[in-house]
Amino acid sequence: MTHPSSDFHILADVDHIGQPDERECAHLESLIRADYERCHPGGTLETLQRRARFSKEDRGLLRDWMAVAVRRAKAKGARRRLSTR
């Protein structure tokens with residue numbers, strides 16, 4: 001079974017476009033889920049993913065949120081690397 005957001009390319013930076021695997025998608029979603037749901041009361045990331053299959057506006061919104069997730073993951077990785085030095 002494909003992950004619902006695996007249909008979307010994740011835009012991290014201008015120089016990186018790719019499709020995350022299912023495990024990476026789950027991790028990225030965990031980094032934004034609470035913030036998305038706080039910004040969209042009554043909505044869930046899963047409902048956005050379903051709507052994005054049919055709506056170009058929702059596809060753009062999902063892409064933007066996932067880009068935030070990728071930036072957060074990169075920042076978290078950078079902090080982790082600095083703390084192990």
Side-chain angles (χ1 to χ4, degrees):
M1 180 175 151
T2 351
H3 196 273
S5 62
S6 65
D7 297 336
F8 303 99
H9 290 300
I10 306 307
L11 179 63
D13 292 321
V14 177
D15 62 342
H16 173 72
I17 298 176
Q19 277 189 309
D21 62 22
E22 197 166 326
R23 194 171 124 222
E24 185 181 4
C25 256
H27 172 69
L28 292 173
E29 290 168 2
S30 75
L31 297 175
I32 58 168
R33 185 176 310 283
D35 287 332
Y36 175 82
E37 292 173 3
R38 192 173 20 260
C39 291
H40 301 274
T44 66
L45 201 52
E46 288 75 19
T47 58
L48 174 62
Q49 290 168 336
R50 279 193 298 276
R51 289 192 323 261
R53 292 180 183 155
F54 307 102
S55 164
K56 131 175 112 169
E57 290 82 8
D58 286 328
R59 200 169 17 259
L61 182 59
L62 179 58
R63 183 198 62 235
D64 292 347
W65 275 99
M66 292 304 285
V68 169
V70 170
R71 285 193 298 272
R72 287 180 178 178
K74 283 185 172 190
K76 190 175 177 181
R79 284 193 304 270
R80 189 175 303 132
R81 283 190 301 277
L82 286 174
S83 68
T84 60
R85 289 182 182 183

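For Asp58, the salt bridge (Lys or Arg N to Asp or Glu O under 4.0 Å) test picks out Arg51, with sequence neighbours left out. Asp35 pairs by the side-chain hydrogen bond (donor to acceptor under 3.5 Å, both in side chains) definition with Arg38, Arg72, not counting sequence neighbours. Residues meeting the salt bridge (Lys or Arg N to Asp or Glu O under 4.0 Å) test with Arg33, sequence neighbours left out: Glu29, Glu46. Scanning for salt bridge (Lys or Arg N to Asp or Glu O under 4.0 Å) contacts around Arg23 gives an empty result, with sequence neighbours left out. Partners of Ser30 under the side-chain hydrogen bond (donor to acceptor under 3.5 Å, both in side chains) rule, at least two apart in sequence or in another chain, do not exist in this structure.
Rounded to the nearest 0.5 Å, atoms CG (Leu45) and CE (Met66) are 7.0 Å apart.
In terms of heavy-atom proximity, Gly43 sits nearest to Tyr36 at C-CE2, 4.3 Å. Nearest heavy atoms, Leu48 versus Leu62: CD2-CA, 3.9 Å.
At a threshold of 4.5 Å between non-hydrogen side-chain atoms, the residues Leu31 and Lys76 count as touching.
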